[in-house]
There are 2 protein chains.
Amino acid sequence: MIKMLTERQLFLLQVLVDDYILSAEPIGSRSISKRGDIHLSPATIRNELADLEEMGFLEKTHLSSGRIPSEKGYRFYVDHLLSPILLSDDEMRNIRKAYTERYYEAEKLIETTAQILSDFTSCTAIVLGPELLDTKLKHIQMIRLSDNRAVLIIVTDTGHVENRAVVLPDEVNGSEIERMVNILNERLIGVPLYQLKVRLQQEIHVVLNEHIQHYERMMVEIEHALTLNVPDQIYYGGKNNILSQPEFRDINKVIPLLNVLEKKDIIHGLLRSPKSGIQIKIGKENKLVAIEDCSVITTTYSVDSEHVGTVAVIGPKRMAYPRVVTLLDIISKSLTNNLNSNY
Amino acid sequence: MIKMLTERQLFLLQVLVDDYILSAEPIGSRSISKRGDIHLSPATIRNELADLEEMGFLEKTHLSSGRIPSEKGYRFYVDHLLSPILLSDDEMRNIRKAYTERYYEAEKLIETTAQILSDFTSCTAIVLGPELLDTKLKHIQMIRLSDNRAVLIIVTDTGHVENRAVVLPDEVNGSEIERMVNILNERLIGVPLYQLKVRLQQEIHVVLNEHIQHYERMMVEIEHALTLNVPDQIYYGGKNNILSQPEFRDINKVIPLLNVLEKKDIIHGLLRSPKSGIQIKIGKENKLVAIEDCSVITTTYSVDSEHVGTVAVIGPKRMAYPRVVTLLDIISKSLTNNLNSNY
DNA sequence: TGTTAGCACTCCTAGTTAACGAGTGCTAAT
DNA sequence: ATTAGCACTCGTTAACTAGGAGTGCTAACA
């Protein structure tokens, strides 16, 4: 059972977190008391802060320092004190402007989204591309490049294009390839990508064996080519923004963080969240040593009302939560709108 | 006219640079004199080093410190004293092993190359992908995704695949699209990508106008789609390796460096070199403030005996030149071989 | 009873000083 | 030509100091 906080304690906690987010330095009672909207003496504030510390919302960096929020403090702030801010007209205009350009590939649009988000938040932005494996096959085609080389092109219903190099056996001729691709198209269109391989082995196997000579050698190639274990694409914006934060003045804190940002599988595991809406993970809540001094805010974007990808911002725990939450909301919605109307 | 260096000065310069590359600390006369292969007193060595300093090959960090190589010193070392090293059997085996895997896309192969190179050099490796605009069109295809959306697929003779989203005018029908794509293929196959747009406007314009209804609206889309100002792909390996170097302990040196690595156009300008063979640029020779403490070693790789891309290593000026040069040579050749035999 | 002024105390920071060591340049002897 | 010796420079480290910011606690106040 959590003891209720008084109005005044709530207010002081909010003020302290807000101030600390701006200054990055421990906040003392005197500096709070000097604010125009507070009519309390430093001594009174000290008492309240001592109580808040006792309850675990605040910490001191050393015995006689000012206070900084603890992770529990940030958590409370984020859960109960977060007042979404309004962006200035100017900023709204800038965001919209960034989206007016027409992008000829969804990839470019997503890349730009990451860039915008990082520019406006001064944090690192990460966008996970749509989950490829859930999309369905629209078309397969093989383009022959030379006697024994070809490229297999796979188009999904979302307009995504994958391609694979294929080595052709010497004996195979053009019409045979054509026949094979036709069979593949007949049988596989509409099949989700993650099922391709299984379907190929179970159903197409037999059919192809009947119609195509030199089938076995071809099969090995096709099977490889259709094994699409492509990890979903990850797009970054402002990868180095976080380096300017005072908490990362020490290079030894930076190295593991940057290294983990490069590890696509880890980032994937960190950000791919089943829930929709804005999610905030603070510090150790992320269960990853390299980013235990960071907060991660995620939300999803959709295509055809289905959540297909994640938009995330990663920054220091001392992040401008109200601003970032607002921006993330606006920008993920813009991305959703843009994707649905153009692709 | 450069004054000749004595044998002994050459030797001492080499020893000093070698030692400094290993230790990253100013080298004093005493430590050189203690090496087994040198039978000179510290005083003698001091005299020689003073001469080398006077000639501009060495520097001191402060009045009574040991010496470090100047940029001129590195330049001389690289031009005249560089003795290529042999890699251990073990390392050769590891490199070969990394290349045994079969890659189904040239992109993956190049990516792996950057990774290997960075792992073995402990520096950052950058590989510029093949120059797209010089390759020739092999095939164009349009895949319709829905009533008014399609994706245009462009395959080059090197097997590279580009794709563009296209919005179809409402009035256009399937057979018309087919006819148009056929015309494009007839007229444009074999044309280098950078000429596509011009050829489209000059030649195809007329033909299409005759055969296709609703030609104007379609044309805008196609023209956009064929405007392939794709900057050639850049692949990185070990982006953060350089952060472990003692010369980058200060975060303020790191930020501009990492930022410049993200700027694709700048990296492009820095690395795209017309000359073949191994090129070494030391510090300020790179004409870029952000990397004035770095050296960049580049070479090219080829497809069909034509230099199509660049492989580069970027590290501190105090880089293990002999080792990096050897590795760059071996690995760029491996890449060339692999590309030519598989794609 | 809640609020506040006053005060002793803690701890960080910056600046000073001193000792030490690594390294140099120069001179004179070999 | 080489080298031993020596005075000198400068960076590094540790110890110490003074100042300042901030705290907790106590006692007085409204």
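Every chain is numbered from 1 and lettered A, B, ... according to where its sequence line falls, protein lines coming before strand lines.
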I'd like to know if A:R323 and A:E91 make a salt bridge, using a cut-off of under 4.0 Å between side-chain N and carboxylate O. yes
A:L16 pairs by side-chain contact (heavy atoms from CB on, under 4.5 Å) with which of A:I27, A:I68, A:I21, A:I45? A:I27
Could you give the CG-to-P distance, from A:D19 to D:dA21, as a whole number of Å? 17 Å
A:L40 CG to C:dG2 P, straight-line distance once rounded to whole Å: 14 Å
Using 4.0 Å as the upper bound for N to carboxylate O, is an ion pair formed by A:E71 and A:K281? no
C:dG25 base / B:R46 side chain donor-acceptor hit below 3.5 Å: yes
Between B:T124 and B:G238, is there a donor-acceptor pair closer than 3.5 Å when you use the side chain of the first and the backbone of the second? yes
Interatomic distance where CZ belongs to B:R30 and P belongs to C:dG25 [whole Å]: 16 Å
Which is it for A:E285 and A:R75 under the salt bridge (charged side-chain N to carboxylate O under 4.0 Å, His left out) test, yes or no, and what are the steps along the way? CA-CA 10 Å; A:E285 293 174 8; A:R75 174 47 62 199; 2.6 Å; yes
Return the CG to CD1 distance between B:D329 and B:I297, rounded to the nearest 0.5 Å. 11.5 Å
Salt-bridged, B:D90 to B:R93, with N to O below 4.0 Å? yes
Picking from C:dG25, C:dT4, D:dG24, which would you name as closest to the side chain of A:S41? C:dT4
Can you see if the side chain of A:R67 gets near the phosphate of D:dT23 - specifically, an N or O under 4.0 Å from OP1 or OP2? yes
Output yes when at least one side-chain N/O atom of A:K60 is less than 4.0 Å from OP1 or OP2 of D:dG24, else no. yes
Take the protein atom CD of B:Q9 and the nucleotide atom C1' of D:dT2, then report the distance between them rounded to whole Å. 15 Å
Nearest-angstrom distance from the residue atom CD of A:E59 to C1' of D:dG22: 17 Å
Could I get a table of every N or O pair under 3.5 Å where one atom is in the protein and the other is in nucleotides 9-11 of chain D?
residue: D:dT9; atom: O2; partner: B:S64; partner atom: OG; Å: 2.4
residue: D:dC10; atom: O3'; partner: B:H62; partner atom: ND1; Å: 3.3

Taking atom P of C:dG23 as reference, at what distance in whole Å does atom CG of B:N47 sit? 17 Å
Interatomic distance where CD1 belongs to A:I45 and P belongs to D:dG22 [whole Å]: 12 Å
Output the rounded distance in Å from CD (A:E25) to C1' (C:dC12). 12 Å
Mind checking A:S65 for me? I need base, sugar-phosphate or nothing, with any heavy atom below 4.0 Å counting as a touch. sugar-phosphate
